[in-house]
Amino acid sequence: MIRTRFAPSPTGFLHIGGARTALFSWAYARRHAGRFLLRIEDTDLVRSTPEAVQAILGGMQWLGLEHDEGPFYQTQRMDRYRAVIEQMLAAGSAYHCYMTPEELDHLREEQRAAGAKPRYDGRWRPEPGKTLPPPPAGRAPVVRFRNPTAGVVAWDDLVKGRIEIANAELDDLVIARADGAPTYNFCVVVDDWDMGITHVIRGDDHVNNTPRQINILQALGAEVPLYAHLSMILGDDGQKLSKRHGAVSVMQYDEQGYLPEAVLNYLARLGWSHGDDEIFSLQQFCEWFDLDHITASAAQFNTDKLNWLNAHYLKRAGTARLAELVRPRLQARGVNVGTIPSLTAIVDLYKERAGNLNELADMAEVFYIDLHPKAELLAKHLTAEALPVLGEFIDRLPEVAWEAAAIGGLIKDCVTRHGLKMPRLAMPLRVLLTGLEQTPSVDAVVALLPRATVLRRLAAGRDAALSAAGTS
RNA sequence: GUCCCCAUCGUCUAGAGGCCCAGGACACUACCCUUUCACGGUAGGUACCGGGGUUCGAAUCCCCGUGGGGACGCCA
């Protein structure tokens, strides 16, 4: 049974790179009818916060990436880590080191100055025939893992292929701090082992940790899982993702009006491919997903493409669902969402034209507020030529059947009788009724509003234009 | 500095020795559609980092170089 996990540390929100890692891990488990676990790596008490835990959980939920087991918290497994450390100490695969952080800094500086890789020199590492100095009184030791000195650690990375690291490159890493708290690389090993993780799918930045973790796993006699290291996601500008790059948290995509299925589809396609397929459902993704088609190189985020996908999914989304997603956005703006026209009717007419939910809200808003079209738009469209035909349209409006086809017929008839082209009347109507020059078919927009509102907005606009003409 | 990873259109990618004088998508340009703007449709331009090998044949395999990234914590 395949078991994968997503193991974020709760020091911030769920960012887009983490979301992709989670997605791939989740999909791999789904694809193989396995289990997907969520583990919160909160051993850094200083930087971990409950808010961050909530943010991560919230992000996962928004994306719909449900875990089968967990969330497990490392802070709740301390007893287990301590027991394993004791066991390793007893077995000789770990030892106490009394070197102070200051001494360590000195050593590293010297090594760096000499052009060498900074690393622990093994001075407290027990060796046959080696006499260790007596432990300094009153100094609490850290526990270090006794890393093998010879040979290589190698694994066949499911994304990058075979990777080999000489043990000579590795030093004896600290697995427990002076205060007894276990460190990251150690907790990961114990957790992956205890939780029966078969496939570790994680970010590229962990490649360097892998040989160390494999060595610990082997010292413990644990089975080594398979590893798949995903390359990182770069910002739109090709730079490393950071707070400066706008939307970094997945929840910011929600705020910006993206649909989760669009973000998911985009992320799925970023660094993974299935031939020429671009648009596919989550379910389809789960059926197709495999590690063989993951790109080994870093991928640059492309907002244009995400926007395209979002617009696509907006067109496909159910009207009722979209209306309920738009409603809170309108309410947040203080717009009193009325019942005529209904939000669903507006969304149904407009969803094909919106790039995101906020744009949809922009379009819907004009139907519920006290509208004041911009003066320059009025001046541009309520021309001397347009006013008479507008007048006739207003006069005949009370008689027309209140549905788009009949209204469209009336518009055409008015325009024809005045020897004008369609836009001459359509544009003033758009501007007067919505304050915008771009709308769907104008007869449909007219039909959406109550007859009284249309009459009021048109008459007010016409009268204002007439008096402006009169005074000038 | 040392170690590790990566390298096809502007971007995401297809490609696992001949199907590729390199395909798709986003973006871009033009045209069509049109009641405005989108949508949609059609067409177009743009790429195998460089150099050596291996081979009858290389975008695909090997080596070197160059460029980019990551790691070197009592952070995760």
Side-chain angles (χ1 to χ4, degrees), chain A residues 7-11 41-44 46-48 74 97 99-101 104-105 108 111-120 140-144 157 159-161 163-166 168-171 173-185 187-188 203-211 229 231-232 234 236 238 240 266 269-279 292-293 295-309 311-312 315 350 352-355 381 408 411-412 415 421-427 429-431 436-445:
Chain A
S9 60
T11 54
E41 311 216 319
D42 54 355
T43 52
D44 185 342
V46 180
R47 295 196 301 155
S48 299
Q74 290 187 325
C97 168
M99 211 170 162
T100 64
L104 224 30
D105 284 345
R108 281 196 267 260
Q111 288 165 329
R112 238 182 257 270
K117 187 173 186 167
R119 47 204 292 262
Y120 177 63
V142 299
V143 178
R144 285 187 185 270
D157 195 276
V159 172
K160 295 178 187 291
I163 299 179
E164 286 188 2
I165 311 283
E169 292 296 329
L170 272 22
D171 61 0
L173 74 153
V174 172
I175 58 175
R177 302 174 176 94
D179 65 0
T183 60
Y184 166 77
N185 272 113
C187 297
V188 168
D204 220 342
D205 46 335
H206 290 290
V207 170
N208 296 276
N209 292 325
T210 306
H229 287 99
S231 57
M232 62 185 305
L234 305 172
D236 237 334
K240 195 179 168 183
Y266 179 72
R269 200 57 194 68
L270 195 59
W272 175 84
S273 61
H274 185 266
D276 289 339
D277 294 302
E278 294 288 349
I279 294 175
D292 300 337
H293 292 82
T295 313
S297 53
Q300 191 170 317
F301 196 89
N302 186 210
T303 305
D304 282 334
K305 190 161 181 181
L306 205 214
N307 289 343
W308 169 71
L309 277 168
H312 169 84
K315 281 179 218 131
Y350 276 84
E352 299 228 8
R353 326 171 56 79
H381 296 289
I411 293 172
K412 284 199 185 78
V415 149
K421 298 245 181 164
M422 220 23 196
R424 201 56 77 185
L425 176 56
M427 291 313 292
L429 292 180
R430 286 196 168 92
V431 169
L436 302 168
E437 289 180 291
Q438 293 141 27
T439 76
S441 182
V442 73
D443 46 17
V445 172

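The chains referred to below are lettered A, B, ... by the order of the sequence lines, with proteins before strands, and numbering in each begins at 1.
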J.: Select base, sugar-phosphate, or nothing to describe what A:Glu169 touches, counting heavy atoms under 4.0 Å on all strands.
T.: sugar-phosphate
J.: Partner lookup for B:A71, please. Criteria are Watson-Crick or G-U wobble with both distances under 3.5 angstrom; report none if nothing qualifies.
T.: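 Paired with B:U2.
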J.: At 4.0 Å (heavy atoms only), tell me whether A:Arg108 reaches a base, stays on the sugar-phosphate, or touches nothing.
T.: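 Result for A:Arg108 = sugar-phosphate.
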J.: Heavy atoms under 4.0 Å, any strand shown: does A:Ser297 hit a base, just sugar-phosphate, or nothing?
T.: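 Counting heavy atoms under 4.0 Å across all strands, the contact made by A:Ser297 is with sugar-phosphate only.
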J.: Would you kindly give the CZ-to-C1' distance between A:Phe301 and B:C26, to the nearest whole Å?
T.: 12 Å
J.: Considering Watson-Crick and G-U wobble pairs with both distances under 3.5 Å, what does B:A59 pair with?
T.: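 Paired with no nucleotide.
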J.: Rounded to the nearest angstrom, tell me the gap between atom CG in A:Leu173 and atom P in B:C3.
T.: 20 Å
J.: Establish whether the base of B:U13 is bridged to the side chain of A:Arg269 by a donor-acceptor pair shorter than 3.5 Å.
T.: no
J.: Using a cut-off of 4.0 Å on non-hydrogen atoms, how would the nucleic acid contact of A:His293 be classed: base, sugar-phosphate, or nothing?
T.: sugar-phosphate
J.: Would you check if the side chain of A:Gln300 reaches a backbone N or O of A:Asp236 as a donor-acceptor pair within less than 3.5 Å?
T.: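 Answer holds: yes.
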J.: For the side chain of A:Arg269 and the backbone of A:Asp277, is there at least one donor-acceptor N/O pair under 3.5 Å apart?
T.: yes
J.: Is there a Watson-Crick or G-U wobble partner for B:U34 with both distances under 3.5 Å, and if so, which one is it?
T.: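 Matched B:U34 with nothing under the 3.5 Å cut-off.
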J.: With a non-hydrogen cut-off below 4.0 angstrom, is A:Ala296 in contact with a base, only sugar-phosphate, or nothing?
T.: sugar-phosphate
J.: Is A:Thr183 reaching over with its side chain to a backbone N or O of A:Val174, donor-acceptor style, under 3.5 angstrom?
T.: yes
J.: Please report the distance, rounded to the nearest Å, between NZ in A:Lys160 and P in B:A16.
T.: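 These atoms are roughly 21 Å apart.
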J.: For atom P, what is the distance between B:G15 and B:C9, given to the nearest Å?
T.: 16 Å
J.: Under a plain distance cut-off of 3.5 Å, with no hydrogens placed, do A:Asp443 and A:Ser441 share a side-chain donor-acceptor pair?
T.: yes
J.: In whole angstrom, give me the gap between the C1' atoms of B:G45 and B:U29.
T.: 8 Å
J.: Between A:Gln300 (CD) and B:A27 (C1'), how many Å, whole number?
T.: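 Value for this atom pair: 13 Å.
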J.: On the nucleotide B:A14, are OP1 or OP2 found under 4.0 Å from the side-chain N or O atoms that A:Ser273 carries?
T.: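 True: A:Ser273 side-chain N/O within range (under 4.0 Å) of B:A14 OP1/OP2.
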J.: Using the P atoms only, state how far B:G10 lies from B:C28, rounded to an integer number of Å.
T.: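 Pairwise P distance, B:C28 against B:G10, rounds to 16 Å.
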J.: Indicate, with a heavy-atom threshold strictly under 4.0 Å, whether A:Thr439 touches base, sugar-phosphate, or nothing.
T.: base
J.: Counting any heavy atom closer than 4.0 Å, what does A:Val174 reach on the DNA or RNA strands: base, sugar-phosphate only, or nothing?
T.: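 Here A:Val174 touches the backbone only, sparing every base.
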J.: Rounding to an integer number of Å, can you tell me how far A:Leu104 CG sits from B:C72 P?
T.: 14 Å
J.: On a whole-Å scale, what distance lies between the P atoms belonging to B:A58 and B:C4?
T.: 30 Å
J.: Say we look at B:U46 and B:G40: how far apart would their C1' atoms be, to the nearest angstrom?
T.: 25 Å
J.: Please name the nucleotide paired to B:C21 by Watson-Crick or G-U wobble geometry with both distances under 3.5 Å, or report none.
T.: none
J.: Quick one: label A:Asp277 by what it contacts on the DNA or RNA (base, sugar-phosphate, nothing), any heavy atom closer than 4.0 Å.
T.: nothing
J.: Could you tell me which nucleotide pairs with B:G65 by Watson-Crick or G-U wobble geometry, both distances under 3.5 Å, or answer none if nothing does?
T.: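 Here B:G65 is engaged in a pair, and the nucleotide opposite it is B:C49.
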J.: How would you label the contact of A:Pro211 with the nucleic acid (heavy atoms, under 4.0 Å): base, sugar-phosphate, or nothing?
T.: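 No contact.
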J.: Do any N or O atoms from the side chain of A:Arg119 and from the backbone of A:Leu170 form a donor-acceptor pair under 3.5 angstrom?
T.: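 Such a contact is found between A:Arg119 side chain and A:Leu170 backbone.
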J.: Are the charged groups of A:Asp204 and A:Lys160 less than 4.0 angstrom apart, N to O?
T.: yes
J.: Quick one: A:Leu436 CG to B:A38 C1', roughly how many Å, whole number?
T.: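 Atom CG in A:Leu436 sits about 13 Å away from atom C1' in B:A38.
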J.: With hydrogens left out and only the distance checked, is there a donor-acceptor pair under 3.5 Å joining A:Asp292's side chain and the base of B:A16?
T.: no
J.: Heavy atoms only, 4.0 Å cut-off, all strands: where does A:Asp157 land among base, sugar-phosphate and nothing?
T.: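 Contact class for A:Asp157: none.
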J.: Kindly point out which of B:C3, B:U36, B:C12 is positioned nearest to the side chain of A:Gln438?
T.: B:U36
J.: Are A:Thr43 and B:A76 close enough that a side-chain N or O sits under 4.0 Å from OP1 or OP2?
T.: yes
J.: Nearest to the side chain of A:Lys305, which nucleotide is it out of B:G24, B:C39, B:U35?
T.: B:G24
J.: Partner of B:C28 by Watson-Crick or G-U wobble geometry, both contacts under 3.5 Å, or none?
T.: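 Checking every strand shown, B:C28 finds its partner in B:G44, with both distances under 3.5 Å.
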J.: With a 3.5 Å cut-off and heavy atoms only, can you find an N or O donor on one side and an acceptor on the other between the side chain of A:Asp205 and the base of B:G70?
T.: no
J.: Indicate, yes or no, whether a donor-acceptor pair under 3.5 Å links the base of B:G70 to the side chain of A:Asn208.
T.: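 Side chain to base: pair present.
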J.: For a quick check of understanding: with a heavy-atom distance under 4.0 Å over all strands, which category does A:Gly271 fall into, base, sugar-phosphate or nothing?
T.: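 The residue A:Gly271 makes sugar-phosphate contact but no base contact.
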J.: Between B:A27, B:C4, B:G1, spot the one nearest the side chain of A:Pro118, thanks.
T.: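 Shortest atom-to-atom distance from the side chain points to B:G1.
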